[in-house]
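First the structure, in the form of C-alpha cells, and then the observations on it.
Because the structure is predicted, anything quoted here is derived from the model rather than measured. Both backbone and side-chain heavy atoms feed into the values below; hydrogens, waters and symmetry mates do not. Residue numbers count from 1 along this sequence. Note that ligands are numbered from 1 as they come in the structure, with each ligand's atoms numbered from 1 the same way.
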Amino acid sequence: MTENATQPPLAYRRGSLTDDELLQLYRRLLLPRMIEDKMLILLRQGKISKWFSGIGQEAISVGAASALAPDELLFTMHRNLGVFTTREVPLHRLFAQWQGKMSGFTKGRDRSFHFGAMEYNIVGMISHLGPQLSLAAGVALAHKLNKEGKVALAFTGEGGTSEGEFHEALNTAAVWQLPVIFLIENNGYGLSTPAKEQYRCEDLADRAKGYGMRSLVLDGNNILETYTQLRQLAEELREQPEPVLVECKTFRMRGHEEASGTKYVPDELMAAWAKRDPLQNYEQYLLSEGVLSEKQITDIRKGFKADINQGLETAFAESTVEADLTAELSDVYAAHEPQAVPAGEARQDLRFVDAVSQGLEQAMERHDKLVLMGQDIADYGGVFKITQGFVEKFGAERVRNTPLCESAIIGIGLGLSLKGYNAMVEMQFADFVSCGFNQIVNNLAKLHYRWGQNADVVVRMPTGAGVGAGPFHSQSNEAWFVHTPGLKVVYPSTPEDAKGLLLASFEDPNPVIFFEHKALYRKLTGPVPEGYYTTPIGQARLASEGEEVSVITYGMGVHWALEACEELGIEADIVDLRTLLPIDYEAVARSVRKTNRVLVLHEDCQTGGIGGDLSAYVSEHLFEHLDAPVLRVASLDTPVPFSTVLEEQFLPKGRLRGQLQRLLAY
Ligand SMILES: Cc1ncc(C[n+]2csc(CCOP(=O)(O)OP(=O)(O)O)c2C)c(N)n1
C-alpha cells in the first residue's frame, strides 16, 4: 500500500467523539508539526543538530498517546515527537535535550529522542531500534503480575521488524499473553531501502498469525482511526491481557534525517502521500463539520507559536553543559550503599551448585518482586538443577520457563525493573549470552548514565572449560562485560562466596553479570552459612597468605593456584578478586607491596583478558615495589577445544607451575 502512487482519500468517522475531543486531537496534531516546522528553520540556520522528522506520521504518535492512560508506558522511537507533546513534556526541556543541555533529560549525554522520562511514562529508544519491543513486553509482564489492568505500547518502524528482537519479543509476549501493543509505523522506507526490499509479505501485520496473535491494519494518517481503534484495543487488553500487532500505514515525507534528502523516493509517490497529510486533511474535515473555524486555527497557532518561541528562548539561554568529571563517573551506576548482612554462626557443607541454589532461594524469599527467567528453569529445574523445586515453592509466575530468546528475556528483565521488579535471567550456558549481548551492553549497562534509570537485573552465567564440552559450552567471556561501564561483574570461587555474592547482587540496583564456574558446581564443597547474608561486591579476599609471590586470580584460577603453590611449597598471597568490575585494586596493591612479585592468572584467553589491565595497573602504580616483571598465565588464544587432550593444553593450569618457578627465580 505504501508504495502505491494512487492512495485512497482519508475517511473520517467521528463516532461518538465530542467536539471538544475532536478539537483536542487537532491541537495535539498541530503542535508537533509546528515544532518541526520551526526546527527545520533552526536546522538550516545551523542552530540545532541532527533531526529525525515525523512530519506526516503525527496521527500515529498522537493517536497512540491519546489512546493510552497517562500512567501507561509508551516506548518511543526517533519520529515520535507527537508522543512527547501529547504527554505534555515541557517544551523548554525537550529543546534543551536536543541541544545537549542540562535541563534536558540526559545531562547532555544522549541526543534527540534517545531518553526516557518515567515522570511522563515514556521510555525512549536506544539506536538499535528493536530492543524497545522487549522492554515493553517486560512492563506488560509487570502489569499482568500485578493484575492491574494496564497496557504497554511500543513503536517500531517497518525497518526494525526485520531484527531478531522483533521476533523474540512478539513470540514471548504471545506465549505469555502479555498486554502489549506492538505498533509498526510502516512509512515505506528504512533509511533509504524501500519496503519491498525489506520483506515479502503483503502486510507486516500478517506476521501476527505466525505468533498466534491478533493484528490490525490502520490508516496511520487518519487521526480518528488511530485514536479510536487504539483506544478500543487498549480497553480490551486491560480486560483480557494479550499482545496485538498493529500496522499503521503511513509515509515518511522527509529524509531519514534532515541532511540526507529524499532523492530515492519517486515524485509521484511523494505527491500521492502529500495529499494524505494527516494535519491538513483533519483540519479540512473539522472545518467542513463546523467544529473548527479559521479564527480558531489562527488563535491556536498563535498560542503555540508563542509557547514554542518561549521554550526555545529558555533553552537557548541556558549555558552549555560543563564537564564535571566526578558526576560523569559516578552517574554510570545507581547509588547503592550496601548494607552488609553478616553471616550467622550456623554453617553447613554445601556443594558450589547447592550454595547458588540456596542463595537464589533465599533471595526469592527476601524479595517478593524477584522474578526468575530462563530456559528450562521451571519444572525441569534448569540444566544444572539450580532451580529444582522452585516452581512448587514460589509459583510459575515468578519462576518462568522462557522460549529460546536470550535478548528478549534480558529486555523483559529490564522492563520488569522499570516497574519496580527485579529480575534474574539464567543463561543456560554463559556462551549463549552472545545472543543477548546487545541488551546487556547497550541497554542495561548504559541506562543509568543516559537518563538516570536503574536496571535491576542479574544475569547468571554458568561458565568455564575443563569439562570437555567444546567451543560453545566452555567459554570464559567475562572480559566482554568488564569492558562495559555500567555493569558489575562478579565471579565467586567458593560456595560461601557464591551464595553471599549472589545475595548481594540482588540487593544491588545495578545490572550484575554473575559468573559461576560449572566445573566447580559439583566438584567443590565448602562451609556455607545457613541463613541470609551478603558478601560485599567489589572486595577481594586472600585465599591464602604468603610473602613470596602474589597470585592475582579469580574463579577456577584460585583453585589452580592453591594446588600449584602447595605442591611447589610456595608461600603465596593468592588474591581472589571475587568481583571483576569494579576491581579491588587496593587489595591488589596491598599484596604486591608485601611480596614484590606478581603473577596474574586467569582461565580466559590471554589477549584482551583482564590480566592485561591488572598487569598494567601494577606496572603503572607499583613499579617501585617490583623485583620481577609481572607475569601472566592464561588460556591460549584459540577457541576452547573439545578433546580433553587439547583442552588441557589450552587451559593455563599446565603452564602455571613453570611460570611460578620462573617468577621466583628472577
Ligand atoms: C541495529 C541497527 N542497524 C542499523 C541502524 C541504522 N539505522 C538507523 S534508522 C534505520 C532505518 C530504520 O527504519 P525503520 O525502522 O523503518 O524506521 P524509520 O526511520 O523509517 O522511521 C537504520 C538502518 C540502527 N540504528 N540499528
**Asked** Can you list every ring-ring contact (aromatic ring centres under 6.0 Å, His included) pair that touches residues 81-111, not counting sequence neighbours?
**Response** Trp51-Trp98, Phe84-Phe113, Phe84-Phe115, Phe95-Trp98, Trp98-Phe113, Phe105-Phe115
**Request:** Would you mind listing every ring-ring contact (aromatic ring centres under 6.0 Å, His included) that reaches into residues 212-238, with sequence neighbours excluded?
**Result:** none
**Prompt:** Within 45 degrees of the axis of the six-membered ring of Tyr449 and under 6.0 Å from its centre: does Arg109 put its NZ or CZ there?
**Reply:**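 The answer is yes; both the distance and angle limits are met.
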**Prompt:** Using the ring of each side chain (for Trp, its six-membered ring), is Tyr211 parallel, tilted or perpendicular to His167, with breaks at 30° and 60°?
**Reply:**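 Tyr211 vs His167 ring planes: tilted.
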**Prompt:** Are the aromatic ring centres of His256 and Phe52 under 6.0 angstrom apart?
**Reply:** yes
Tabulation required: pairs of a nitrogen or oxygen in ligand 1 and a protein nitrogen or oxygen under 3.5 Å; columns are atom names and distance to 0.1 Å; otherwise 'none'.
{"residue": "ligand 1", "atom": "15 (O)", "partner": "Gly159", "partner atom": "N", "Å": "3.2"}
{"residue": "ligand 1", "atom": "15 (O)", "partner": "Gly160", "partner atom": "N", "Å": "2.9"}
{"residue": "ligand 1", "atom": "16 (O)", "partner": "Glu158", "partner atom": "N", "Å": "3.3"}
{"residue": "ligand 1", "atom": "16 (O)", "partner": "Glu158", "partner atom": "OE1", "Å": "3.1"}
{"residue": "ligand 1", "atom": "16 (O)", "partner": "Glu158", "partner atom": "OE2", "Å": "3.1"}
{"residue": "ligand 1", "atom": "16 (O)", "partner": "Gly159", "partner atom": "N", "Å": "2.7"}
{"residue": "ligand 1", "atom": "19 (O)", "partner": "His78", "partner atom": "NE2", "Å": "2.8"}
{"residue": "ligand 1", "atom": "19 (O)", "partner": "Arg79", "partner atom": "NE", "Å": "3.4"}
{"residue": "ligand 1", "atom": "19 (O)", "partner": "Arg79", "partner atom": "NH2", "Å": "2.8"}
{"residue": "ligand 1", "atom": "20 (O)", "partner": "Asn187", "partner atom": "OD1", "Å": "3.1"}
{"residue": "ligand 1", "atom": "20 (O)", "partner": "Asn187", "partner atom": "ND2", "Å": "3.0"}
{"residue": "ligand 1", "atom": "20 (O)", "partner": "Tyr189", "partner atom": "O", "Å": "2.9"}
{"residue": "ligand 1", "atom": "21 (O)", "partner": "Arg79", "partner atom": "NE", "Å": "2.7"}
{"residue": "ligand 1", "atom": "21 (O)", "partner": "Asn187", "partner atom": "ND2", "Å": "3.3"}
{"residue": "ligand 1", "atom": "25 (N)", "partner": "Ser127", "partner atom": "O", "Å": "2.7"}
{"residue": "ligand 1", "atom": "26 (N)", "partner": "Ser127", "partner atom": "O", "Å": "3.4"}

**Asked** Can you name the residues that form a ring-ring contact (aromatic ring centres under 6.0 Å, His included) with His473, not counting sequence neighbours?
**Response** Phe429, Phe432
